[in-house]
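Protein chains get the first letters and strands the later ones, always in sequence-line order, with residue 1 at the start of each.
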Amino acid sequence: MKKLPRSFYLRPTLQVARDLLGKHLVRVYKGKKLIGRIVETEAYCENDAASHAFRGRTNRNDVMFSKGGHLYVYFTYGMHFCANVVTREEGTGEAVLIRAIEPLEGIGLMMRNRFQSQARPTATSLAALHPPTNLTNGPAKLCQALRLHREQNGTDLLDGEIYILDAPYFPTAGVGTSRRTGIVKAKEKKWRFFVKGNRWVSR
DNA sequence: TGGACGATCCCCT
DNA sequence: GGGGATCGTCCAT
């Protein structure tokens, strides 16, 4: 499988959000690959009242305005990080929030990343065979599992240890759309995309 | 300089 | 299904 080319990310944001479903998000951490299949996304567009970029370019949302194919990681609720894929050309403040992934590789390490602080009675090797759903079924949870933090903000997905692989994937039950989660502005937009019936989709 | 709020999660009922 | 945790960001004084 090959990395998605820059051109993939330069396309319209809704298109990218839909097409990211099934692709493999790869994070090289301590020399090991942590891989998850993207199963849920949300699009944030220009002139979108729910978007961080709605009121223009600031220190916080600066990466959203960079060229498509960069990673925008932001801190929220005083304790959580969320990861987005930046879309379109430089100067356009649009991105796709990665809301959920299905763990594929490096599950033991993901478990450690996410649950290290808590004592877990389950043996890691056993848990790797049957990882708990709450390992990666939410935007902040997957950031914990993949160790995506402030330092990863602005990473180029075409040149580094975080990237997305093209992957043939044909969801048997198809793709669903819905309103976006946890927002109050522009809530009527059906800009959330998910793999129907997938266990790792949030809520 | 301060206050309101948030693209969430977890635990409790 | 509801509330608390917790703090960076932004905008209004």
[N] OP1/OP2 closer than 4.0 Å to side-chain N/O of [X]:
{"X": "A:R99", "N": "B:dT8", "answer": "yes"}
{"X": "A:H80", "N": "C:dT6", "answer": "no"}
{"X": "A:T181", "N": "B:dA7", "answer": "no"}
{"X": "A:K141", "N": "B:dC10", "answer": "yes"}

DNA chain C: 5'-proximal contact among A:T76 and A:N61 (nearest heavy atom) =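 With A:T76 and A:N61 compared, the 5'-side residue is A:T76.
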Closest nucleotide among [options] to the [X] side chain:
{"X": "A:F75", "options": "B:dT8, C:dC7, B:dA7", "answer": "C:dC7"}
{"X": "A:A140", "options": "B:dA7, C:dC11, B:dC9", "answer": "B:dC9"}
{"X": "A:R55", "options": "C:dC11, B:dC9, B:dA7", "answer": "C:dC11"}
{"X": "A:R60", "options": "C:dT6, C:dC10, B:dA7", "answer": "C:dC10"}
{"X": "A:S51", "options": "B:dA7, B:dC9, C:dG8", "answer": "B:dA7"}

To the nearest Å, give me how far apart [atom1] ([X]) and [atom2] ([N]) are.
{"X": "A:I183", "N": "B:dG6", "atom1": "CD1", "atom2": "C1'", "result": "12 Å"}
{"X": "A:F194", "N": "B:dA7", "atom1": "CZ", "atom2": "C1'", "result": "17 Å"}
{"X": "A:I98", "N": "B:dT8", "atom1": "CD1", "atom2": "P", "result": "14 Å"}
{"X": "A:R57", "N": "C:dC11", "atom1": "CZ", "atom2": "P", "result": "16 Å"}
{"X": "A:M79", "N": "B:dC11", "atom1": "CE", "atom2": "C1'", "result": "13 Å"}
{"X": "A:F54", "N": "B:dC5", "atom1": "CZ", "atom2": "C1'", "result": "17 Å"}
{"X": "A:R203", "N": "B:dC10", "atom1": "CZ", "atom2": "C1'", "result": "17 Å"}
{"X": "A:Y77", "N": "C:dG3", "atom1": "OH", "atom2": "P", "result": "15 Å"}

In terms of heavy-atom contacts, does NZ of A:K23 have more than 12 from other residues, nucleotides or ligands at under 6.0 Å?
-> yes
Atom CZ of A:R11 with >12 non-hydrogen neighbours under 6.0 angstrom =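 Above 12, so yes.
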Can any side-chain N or O of A:T92 pair as donor or acceptor with the backbone N or O of A:E94 at less than 3.5 Å?
->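 No; judged by distance alone, with no hydrogens or angles, the pair does not exist.
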With sugar-phosphate meaning primed atoms plus P, OP1 and OP2, does A:L97 contact a base, only sugar-phosphate, or nothing at under 4.0 Å between heavy atoms?
-> base
Base, sugar-phosphate, or nothing for A:A50, non-hydrogen atoms under 4.0 angstrom?
->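 Result for A:A50 = base.
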Pairing partner (Watson-Crick or G-U wobble, both distances under 3.5 angstrom) of C:dT6 =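 By the stated definition (distances under 3.5 Å), nothing pairs with C:dT6.
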What integer number of Å spans the P atoms of C:dG1 and B:dA7?
->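 To the nearest whole Å, 22 Å.
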Check the hydrophobic clustering (I, L, V, M, F, W, Y; side-chain heavy atoms under 4.5 Å; chains of links allowed) and say if A:Y163 and A:L25 are grouped together.
->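 Hydrophobic grouping puts A:Y163 apart from A:L25.
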Polar side-chain contact A:Y74-B:dA7 base: donor and acceptor under 3.5 Å =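 Pair found.
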Would you call the rings of A:Y72 and A:H52 parallel, tilted or perpendicular, where under 30° means parallel and over 60° means perpendicular?
->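 Perpendicular: the ring planes of A:Y72 and A:H52 meet at over 60°.
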A:R6/A:D156 salt bridge by N-O under 4.0 Å criterion = yes
